[in-house]
A.B. asks: 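The structure is given below, and queries will be raised subsequently.
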Amino acid sequence: MSNIFDFKLVFTQIPKLLKYLPITMELAVLAMVFGILLGLVIAIIKIKQIPVLQKIAVFYISIIRGTPILVQLYIAYFGIPMFFKWLNLRFGTDFHVAEIPGFVYAVFAMGINESAYNAEIIRSALQSVNVGQIEAASALGMTYVQSLRRIILPEAITVALPTLGNAFISVIKGTSLAFTCAVVEMTAQGKILSGMTYRYFEVYVSLAIIYWVITIVIEQTLKIIERKLAIPDQVETLVSAGQGVAK
């Protein structure tokens, strides 16, 4: 049986793979932050129904959600350098494309992909905030940006957090495709190790265990955050005051 499946090898490979966990997590966190920020901008554009930008946002979401992340990674890794080379030839610029690491392309592609999904999550969360509270903030003389920062976002976060948490878990698992941009993270290192030992199954079982444990840790952390996350009392006081002014 040991010739077919080496149980011991599964656990001896885990420490070697964990050395690349920081790269995996850095890639996931940066892509998620980029995806949330860009998704927030797109969500606001759709909510405010800005004429031209809204159509661009709808097209953007459609094309990103309608194409595989693997294809987007390849397009970013090969397409962006081609674009900069064209700029160099066309305008005489001197962009050093060869010096841009594949990690940057991977973060960009994964962030872009995530923003299309996060935009709809954030839009739904923002629209779930009670309109009366927004009107009360306006009655107090707040601008939309101020009400967004003090009232809308704090409440929307509590609504969006579970879904964004699941999205972050998906991003972590999606980093396994970053090898297409020449990024050596855990899965890429797993490919290297399995190629050296020819024990592919054991190495991939090791990877599965690591990703599984990471998922459990993040899920439990999110549950703790969800229990502790609450709208600040001063926001509730501000809203009540605003409702009194509105009357």
Side-chain angles (χ1 to χ4, degrees), residues 17 19-46 52-123 160 163-192 195 204 207 210-211 214-215 218:
L17 294 170
K19 291 180 181 179
Y20 293 82
L21 177 60
I23 299 176
T24 295
M25 294 307 298
E26 184 181 3
L27 177 58
V29 170
L30 291 176
M32 190 65 187
V33 170
F34 179 37
I36 288 176
L37 294 177
L38 183 55
L40 176 62
V41 173
I42 296 171
I44 293 174
I45 288 174
K46 294 191 69 176
V52 178
L53 293 180
Q54 184 184 17
K55 292 182 178 180
I56 295 175
V58 171
F59 176 75
Y60 171 84
I61 292 174
S62 176
I63 193 170
I64 296 300
R65 296 179 67 170
T67 54
I69 177 62
L70 184 61
V71 173
Q72 294 167 16
L73 283 164
Y74 277 126
I75 290 176
Y77 188 57
F78 294 106
I80 295 177
M82 289 176 63
F83 173 72
F84 281 117
K85 288 178 181 178
W86 176 82
L87 288 178
N88 289 341
L89 293 173
R90 181 69 176 79
F91 300 101
T93 53
D94 189 26
F95 292 111
H96 299 285
V97 182
E99 296 178 4
I100 301 176
F103 185 88
V104 174
Y105 296 122
V107 169
F108 178 78
M110 295 183 66
I112 289 291
N113 179 270
E114 197 59 31
S115 69
Y117 293 91
N118 289 346
E120 294 303 307
I121 296 172
I122 296 172
R123 181 183 63 82
T163 311
L164 288 176
N166 291 332
F168 180 56
I169 291 173
S170 296
V171 172
I172 292 175
K173 292 183 287 188
T175 58
S176 60
L177 298 173
F179 68 89
T180 57
C181 295
V183 177
V184 180
E185 38 67 61
M186 284 196 303
T187 300
Q189 179 62 16
K191 290 177 179 290
I192 295 172
Y204 287 119
L207 281 170
I210 294 173
Y211 282 114
I214 292 173
T215 299
I218 293 176

A.B. asks: Determine the minimum heavy-atom distance between Ala109 and Gln72, stating which atoms define it.
C.D. replies: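 Taking Ala109 first and Gln72 second, the nearest heavy atoms are CB-O, 3.9 Å.
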A.B. asks: If we ignore hydrogens and angles and just use 3.5 Å, is the side chain of Glu185 paired with the main-chain N or O of Ala188 as donor and acceptor?
C.D. replies: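 Yes, the answer is positive, given that a donor and an acceptor are paired below the 3.5 Å cut-off.
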A.B. asks: Quick check for you: to the nearest 0.5 Å, what is the distance between Thr175 atom OG1 and Lys173 atom NZ?
C.D. replies: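 One gets 10.5 Å once the value is rounded to the nearest 0.5 Å.
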A.B. asks: Mind checking what makes salt bridge (Lys or Arg N to Asp or Glu O under 4.0 Å) contact with Glu120, not counting sequence neighbours?
C.D. replies: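 Checked Glu120 against salt bridge (Lys or Arg N to Asp or Glu O under 4.0 Å); matches are Lys46, Arg123.
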A.B. asks: Any chance CG of Leu21 has more than 12 other-residue heavy atoms, nucleotides or ligands included, within less than 6.0 Å?
C.D. replies: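 Correct, the count exceeds 12.
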A.B. asks: Please answer whether the main-chain N or O of Thr187 pairs with a side-chain N or O of Ser176 as donor and acceptor at a distance below 3.5 Å.
C.D. replies: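 No; judged by distance alone, with no hydrogens or angles, the pair does not exist.
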A.B. asks: Just so I know, are the side chains of Phe179 and Gln189 near enough to count as touching, which here means a heavy-atom distance under 4.5 Å?
C.D. replies: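 Counting from C-beta outward, Phe179 and Gln189 never come under 4.5 Å.
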A.B. asks: What distance do Ile210 atom CD1 and Leu17 atom CG have between them, rounded to the nearest 0.5 Å?
C.D. replies: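 Reported to 0.5 Å precision, the distance equals 4.5 Å.
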A.B. asks: Looking only at heavy atoms, which two atoms of Asn88 and Phe95 are closest? And how far apart?
C.D. replies: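 So the minimum-distance heavy-atom pair works out to OD1-N, 2.9 Å.
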A.B. asks: Return the OG1 to CG distance between Thr180 and Leu73, rounded to the nearest 0.5 Å.
C.D. replies: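 Reported value, rounded in 0.5 Å steps: 4.0 Å.
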A.B. asks: Which atom pair, heavy atoms only, marks the closest approach of Leu30 to Phe103?
C.D. replies: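 Minimum heavy-atom contact is CD1-CE2, 3.8 Å.
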A.B. asks: Which pair of heavy atoms, one from Met186 and one from Thr24, lies closest together, and at what distance?
C.D. replies: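 Smallest heavy-atom distance, with atoms named: N-OG1, 3.3 Å.
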A.B. asks: Are any non-hydrogen side-chain atoms of Phe91 and Trp86 less than 4.5 angstrom apart?
C.D. replies: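 Counting from C-beta outward, Phe91 and Trp86 do come under 4.5 Å.
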A.B. asks: As an exercise, state the distance from CD1 of Ile100 to CZ of Phe108, rounded to the nearest 0.5 Å.
C.D. replies: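 So the gap between those two atoms works out to 11.0 Å.
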A.B. asks: Considering all heavy atoms of both residues, which atom of Ala178 and which atom of Leu27 are nearest to each other, and what is their separation?
C.D. replies: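 The pair with the smallest heavy-atom distance is CB-CD2, 3.5 Å.
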A.B. asks: I want to check something: taking the side chain as every heavy atom from C-beta on, are Tyr60 and Leu38 in contact at a cut-off of under 4.5 Å?
C.D. replies: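 In short, these two side chains touch, coming nearer than 4.5 Å.
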A.B. asks: Report the distance from atom CD1 of Ile121 to atom CG of Leu40, rounding to the nearest 0.5 Å.
C.D. replies: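 So the CD1 of Ile121 and the CG of Leu40 are separated by 12.5 Å.
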A.B. asks: Which pair of heavy atoms, one from Ile218 and one from Phe168, lies closest together, and at what distance?
C.D. replies: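 Ile218 and Phe168 have their closest heavy atoms at CD1-CE2, 3.7 Å.
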A.B. asks: Could you tell me whether a side-chain N or O of Ser62 sits under 3.5 Å from a main-chain N or O of Phe59, the two making a donor and an acceptor?
C.D. replies: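 Side chain of Ser62 to backbone of Phe59: no pair is present.
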A.B. asks: Are side-chain heavy atoms of Thr67 and Ile75 found at a separation under 4.5 Å?
C.D. replies: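 No, their side chains stay 4.5 Å or more apart.
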A.B. asks: Rounded at 0.5 Å granularity, tell me how far CG in Asn118 sits from CZ in Phe34.
C.D. replies: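 Rounded to the nearest 0.5 Å, the CG-CZ separation comes out at 11.5 Å.
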